[in-house]
Amino acid sequence: MRRGLEPAMLGARIISVETRRGDIRFPFPPRFRERLAGRRVLELGRRGKHLLFRLDSGETLIAHLGMSGSFRIEDAFVGEFRHPRSKDPKHDHVVFRLDNGKSVTFNDPRRFGFMDLADKGMLDAHPRLAGLGEEPLSPEFDAARLAKLFAGARAPLKSALLDQTRIAGLGNIYVCEALFRARLSPSRPAGVLANARGGASASARALAPAIRSVLVEAIEAGGSTLRDHRQANGELGLFQHAFAVYDRDGLPCLRPRCRGTIIRSRHAGRSTFYCSVCQR
DNA sequence: AACACCCCCTGTCGGC
DNA sequence: TGCCGACAGGGGGTGT
């Protein structure tokens, strides 16, 4: 989503912001629209699952998509000042109008998403970001880091990898897919990533590149469209075609020569998909 | 401290 | 056709 928004938003000035209700998941921060109007977007970043819009005021807009949130770019001012008709106006909660003639609309049916503003110089200390763990796509992320993060952890790998305070950015789909690629059972205690001396185990050496490859490929594919996810340009995500296990319960394992069947189980209330034959 | 569970909200789908 | 429960990409708060 960050990549998709960049062409429309980077360097653009926000002319105005319309909020169509007082809250999404949380109330908008004080003077939300006023603090955004007139500001130029200097940089689009990301921390875990949070989008970061750095503004020329020094403040940063933080946005989280939750389960069902999305941003949509449109040409707002073609011809006379007319806005394209939304297919889902009921869930269009925030509209940004930009000085380049485009508009960016935040749509979120379930309203698990949220937006907030971080004061100048206070981004890393912001409550929503301060507790986040490592970036799995950072150059430092490797098997040794995995081992250090999870040494001694008894939680199942599945739950531990979803914990944003250790690794930030992995969701239910990509955890399932990464564990499949690493041939690791989601139920194994996360401590298996460390050996007796706290170094990287064979499991960690398999999992680190698996996490990285799943994320890189999913981003490249524009995400995964289960039902209604769209990229910012309106196109569908395509990574669902690459799922090996997610939402494939009852179907044959796709690993060559594996005769297993994909099983669906549950960890901490979330569905888990895995092959009980080749994931150990 | 670490982990599990319920809940927030809306929409969709399958079963009856 | 309609109703009802289960479930969905996340994660905050609380209880054990």
Side-chain angles (χ1 to χ4, degrees), chain A residues 1-2 4 20-27 46-51 62-72 86-94 106-116 126-133 136 148-179 186-194 211 214-215 217-219 221-232 236-243 245-250 264-273:
Chain A
M1 189 61 77
R2 189 204 68 79
R20 301 197 173 157
R21 45 180 301 141
D23 63 278
I24 311 174
R25 176 171 185 166
F26 307 115
R46 179 191 58 75
R47 180 76 175 92
K49 298 174 186 175
H50 303 255
L51 287 163
I62 302 171
H64 194 295
L65 301 176
M67 295 272 271
S68 58
S70 62
F71 281 101
R72 184 176 83 241
S86 174
K87 284 184 181 148
D88 182 28
K90 187 176 171 197
H91 304 118
D92 288 345
H93 304 310
V94 186
F106 178 70
N107 178 285
D108 186 6
R110 293 181 73 180
R111 276 189 280 118
F112 286 170
F114 59 83
M115 291 185 195
D116 202 351
H126 191 281
R128 306 244 96 88
L129 305 183
L132 291 178
K148 187 164 282 187
L149 282 171
F150 295 104
R154 290 183 308 201
L157 273 172
K158 171 68 191 314
S159 313
L161 293 172
L162 282 175
D163 176 359
Q164 304 294 300
T165 70
R166 302 183 118 131
I167 299 178
L170 293 176
N172 204 30
I173 290 175
Y174 303 129
V175 166
C176 290
E177 295 298 320
L179 288 172
S187 301
R188 291 285 293 284
V192 296
L193 298 176
I211 288 171
V214 164
L215 291 179
E217 291 170 32
I219 291 168
S224 306
T225 299
L226 301 186
R227 269 192 33 245
D228 51 12
H229 163 71
R230 290 285 191 287
Q231 303 182 58
L236 296 170
L238 296 174
F239 192 71
Q240 66 279 12
H241 301 303
F243 288 175
V245 289
Y246 189 85
D247 206 20
R248 291 196 68 251
D249 50 316
R264 177 198 194 122
S265 65
R266 198 161 273 276
H267 291 90
R270 315 284 308 274
S271 281
T272 301
F273 301 86

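Each chain gets a letter, A, B and so on, in the order the sequences are listed, and its residues count up from 1.
- Using atom P as the reference point in both C:dG11 and B:dA1, the two lie 22 Å apart (nearest Å).
- A:Arg128 contributes no side-chain N or O that, together with a main-chain N or O of A:Ala130, makes up a donor-acceptor pair within less than 3.5 Å.
- By the ring pair (Phe, Tyr, Trp, His ring centres under 6.0 Å) test, A:Phe112 pairs with no residue at all, sequence neighbours left out.
- Residues A:Leu236 and A:His229 fail the side-chain proximity criterion, which asks for heavy atoms closer than 4.5 Å.
- The distance between atom CG of A:Asp163 and atom P of B:dA4, rounded to the nearest whole Å, is 11 Å.
- The closest side-chain heavy-atom distance from A:Arg248 to A:Phe273 is not below 4.5 Å.
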Under 3.5 Å, sequence neighbours excluded: what are the donor-acceptor pairs made by side chains of residues 157-164 of chain A?
| residue | atom | partner | partner atom | Å |
| --- | --- | --- | --- | --- |
| A:Lys158 | NZ | A:Asn172 | OD1 | 2.7 |
| A:Lys158 | NZ | A:Ser271 | O | 3.0 |
| A:Lys158 | NZ | A:Thr272 | OG1 | 2.8 |
| A:Asp163 | OD1 | A:Thr165 | N | 2.9 |
| A:Asp163 | OD1 | A:Thr165 | OG1 | 2.8 |
| A:Asp163 | OD2 | A:Thr165 | OG1 | 3.3 |
| A:Gln164 | OE1 | A:Gly169 | N | 2.8 |
| A:Gln164 | NE2 | A:Leu162 | O | 3.0 |
| A:Gln164 | NE2 | A:Leu170 | O | 2.9 |

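- A pairwise comparison of heavy atoms in A:Arg111 and A:Ser68 identifies N-OG, 4.3 Å as the closest pair.
- The one candidate from A:Leu51, A:Asp23, A:Val94 that meets the side-chain contact (heavy atoms from CB on, under 4.5 Å) condition with A:Met115 is A:Val94.
- One can place CG of A:Leu149 at 15 Å from C1' of B:dA2, the figure rounded to the nearest angstrom.
- OP1 or OP2 of C:dG11 lies within a sub-4.0 Å distance of a side-chain N or O belonging to A:His64.
- If you measure from atom CG of A:Asp108 to atom C1' of B:dC8, you get 12 Å, rounded to the nearest angstrom.
- If you take CG of A:Asp116 and P of C:dG10, they are 20 Å apart, rounded to a whole angstrom.
- Rounding to whole angstrom units, CG of residue A:Leu51 and P of C:dG10 are separated by 14 Å.
- One N or O on the side chain of A:Gln240 and one on the backbone of A:Thr225 form a donor-acceptor pair closer than 3.5 Å.
- When rounded to the nearest whole Å, the span between CD of A:Gln164 and P of B:dC3 equals 15 Å.
- Straight-line distance from the CZ atom of A:Arg21 to the C1' atom of B:dT10: 11 Å, rounded to whole Å.
- Here the nucleotide nearest the side chain of A:Lys90, chosen from B:dC3, B:dA4, B:dT10, is B:dT10.
- A salt bridge links A:Asp92 with A:Arg72: the closest approach of a Lys/Arg side-chain nitrogen to an acidic carboxylate oxygen falls below 4.0 angstrom.
- When the C1' atom of B:dG14 is taken as reference, atom CG of A:Asp249 falls 14 Å away, rounded to whole Å.
- C:dG9 and B:dC3 have their C1' atoms separated by 23 Å, with the value rounded to a whole Å.
- For the pair A:Arg20/A:Phe106, no side-chain contact is recorded, criterion being any heavy-atom separation below 4.5 Å from C-beta on.
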Tabulated below should be each protein N or O lying under 3.5 Å from an N or O of nucleotides 12-16 of chain C; please produce it.
| residue | atom | partner | partner atom | Å |
| --- | --- | --- | --- | --- |
| C:dG12 | O4' | A:Arg25 | NH2 | 3.3 |

Treating primed atoms plus P, OP1 and OP2 as sugar-phosphate and everything else as base, which nucleotides of nucleotides 3-9 of chain C get B, S or - for protein heavy atoms under 4.0 Å? ----SBB
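- Scored by the side-chain hydrogen bond (donor to acceptor under 3.5 Å, both in side chains) test, A:Asp88 finds A:His91, A:Asn107 as partners (sequence neighbours excluded).
- Consecutive pairing runs in DNA chain C reach the stem threshold at B:2-8 with C:10-16, B:10-16 with C:2-8, where a stem means at least three Watson-Crick or G-U wobble pairs with distances under 3.5 Å.
- Comparing the same atom, P, in B:dC9 and in C:dC3 gives a spacing of 23 Å after rounding to whole Å.
- Taking 4.5 Å as the limit, every side-chain heavy atom of A:Pro109 sits out of range of all side-chain heavy atoms of A:Lys90.
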